[in-house]
Amino acid sequence: MFFIKYILIFFIVIISARIGQIYSKKYINRVKELESIKQILNELKTKIKFTYKPLQDIFYEIASNHHDNIGKIFESISNNMKDIDLKEAWEKEIKESDNSLSKEDIEILLSIGKVLGTTDVE
């Protein structure tokens, strides 16, 4: 009887640890994606300010330099900008992307997309 109890306790501990790892992976991925977004936005700012290239080309260059989920988002935005404007492409990809970002993060990214391409370089 004690043997069965110890086996059940062992499995409960193992299963609980595994569930914890699964939940923590989402948070680890979120931090990585936020760092990637920060880096990409700094790169975007620099390219807009100094290269004067069209945003579609800049987005494609950024996507070719970043091979993670966020890079794929920028590649899709670049491809969608052939058919629709930047604001619509940005909103579509941010909402439909498969990432670990929270709702608040997505709302902030959507608000950033509203001003992209609508203001002057300065």
Side-chain angles (χ1 to χ4, degrees):
M1 189 67 171
F2 288 113
F3 182 70
I4 294 174
K5 286 182 184 179
Y6 288 127
I7 289 177
L8 289 176
I9 291 172
F10 176 75
F11 282 124
I12 289 172
V13 169
I14 296 297
I15 290 171
S16 299
R18 184 66 185 139
I19 290 171
Q21 288 175 342
I22 291 170
Y23 278 109
S24 69
K25 182 131 178 106
K26 181 178 179 181
Y27 292 109
I28 291 170
N29 288 339
R30 179 177 176 254
V31 170
K32 288 179 183 177
E33 288 175 356
L34 288 174
E35 289 172 352
S36 178
I37 289 170
K38 181 179 175 184
Q39 180 183 5
I40 287 173
L41 289 177
N42 286 333
E43 187 177 337
L44 178 67
K45 177 183 172 184
T46 303
K47 287 185 183 281
I48 288 172
K49 195 170 190 175
F50 295 113
T51 64
Y52 295 103
K53 290 183 180 179
L55 282 175
Q56 184 176 6
D57 296 341
I58 293 173
F59 277 37
Y60 184 76
E61 287 178 14
I62 289 172
S64 65
N65 293 336
H66 298 273
H67 302 289
D68 54 359
N69 286 342
I70 306 304
K72 291 177 186 176
I73 290 172
F74 277 79
E75 182 178 9
S76 297
I77 291 171
S78 175
N79 292 334
N80 287 338
M81 283 177 62
K82 296 173 186 173
D83 302 325
I84 56 179
D85 67 339
L86 174 62
K87 182 180 174 184
E88 293 174 11
W90 181 272
E91 287 180 8
K92 178 184 175 196
E93 289 305 317
I94 296 297
K95 288 180 181 178
E96 294 177 0
S97 65
D98 182 30
N99 54 43
S100 299
L101 301 175
S102 67
K103 290 181 182 180
E104 292 84 13
D105 299 333
I106 291 173
E107 289 175 12
I108 292 169
L109 287 175
L110 290 174
S111 68
I112 290 171
K114 291 178 183 175
V115 296
L116 273 177
T118 60
T119 59
D120 195 1
V121 173
E122 296 299 323

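- For F74, the ring-ring contact (aromatic ring centres under 6.0 Å, His included) criterion is met by F59, W90, not counting sequence neighbours.
- Rounding to the nearest 0.5 angstrom, the gap separating the NZ atom in K114 from the CG atom in L109 is 12.0 Å.
- Both L55 and I40 are members of a single hydrophobic cluster when ILVMFWY side chains are connected at heavy-atom separations under 4.5 Å.
- To the nearest 0.5 angstrom, K38 atom NZ is 8.0 Å from E35 atom CD.
- When every heavy atom of G71 is checked against every heavy atom of A63, the shortest pair comes out as O-CB, 3.3 Å.
- Shown are K92, E75, Q56; of these, the side-chain contact (heavy atoms from CB on, under 4.5 Å) with N80 is made only by K92.
- One side chain, S102 or D105, offers a donor N or O that lies under 3.5 Å from an acceptor on the other.
- The minimum heavy-atom distance linking N65 with E43 is given by the pair ND2-OE2, 3.3 Å.
- Closest of all the heavy-atom pairs between S100 and K26 is CB-O, 3.5 Å.
- In the hydrophobic clustering of ILVMFWY residues, with side-chain heavy atoms under 4.5 Å counting as a link, I108 and L44 come out together.
- For N42, the CG atom counts as densely surrounded, since its 6.0 Å shell holds more than 12 non-hydrogen atoms of other residues, nucleotides or ligands.
- Enclosure of atom CD1 in I4 is not indicated, since only 12 or fewer non-hydrogen atoms of other residues, nucleotides or ligands lie within 6.0 angstrom.
- Within 6.0 Å of the NZ atom in K47, the count of heavy atoms belonging to other residues, nucleotides or ligands exceeds 12.
- Cluster annotation: I58 is not connected to I84 through the hydrophobic network of ILVMFWY side chains, with a link wherever side-chain heavy atoms come within less than 4.5 Å.
- No hydrogens or angles considered: nothing links the side chains of Q39 and H66 as a donor-acceptor pair under 3.5 Å.
- Residues I48 and L41 share a single hydrophobic cluster, defined by chaining ILVMFWY side chains whose heavy atoms lie under 4.5 Å apart.
- Hydrophobic clustering, with ILVMFWY side chains joined whenever heavy atoms are under 4.5 angstrom apart, groups I94 together with I112.
- Here the straight-line distance linking atom NZ of K95 with atom CD1 of I106 works out to 10.0 Å at 0.5 Å rounding.
- Atom CD1 of residue I62 and atom CD1 of residue I77 lie 9.5 Å apart, to the nearest 0.5 angstrom.
- In summary, of the residues considered (N69, I73, V31, I70), a side-chain contact (heavy atoms from CB on, under 4.5 Å) with S36 occurs for I70 alone.
- To the nearest 0.5 Å, atoms OG (S78) and CG (D57) are separated by 7.0 Å.
- Screening residues 9-22 for side-chain hydrogen bond (donor to acceptor under 3.5 Å, both in side chains), with sequence neighbours left out, gives R18-Q21.
- As a member of the Ile/Leu/Val/Met/Phe/Trp/Tyr network built from side-chain separations under 4.5 Å, I19 groups with I15, Y23.
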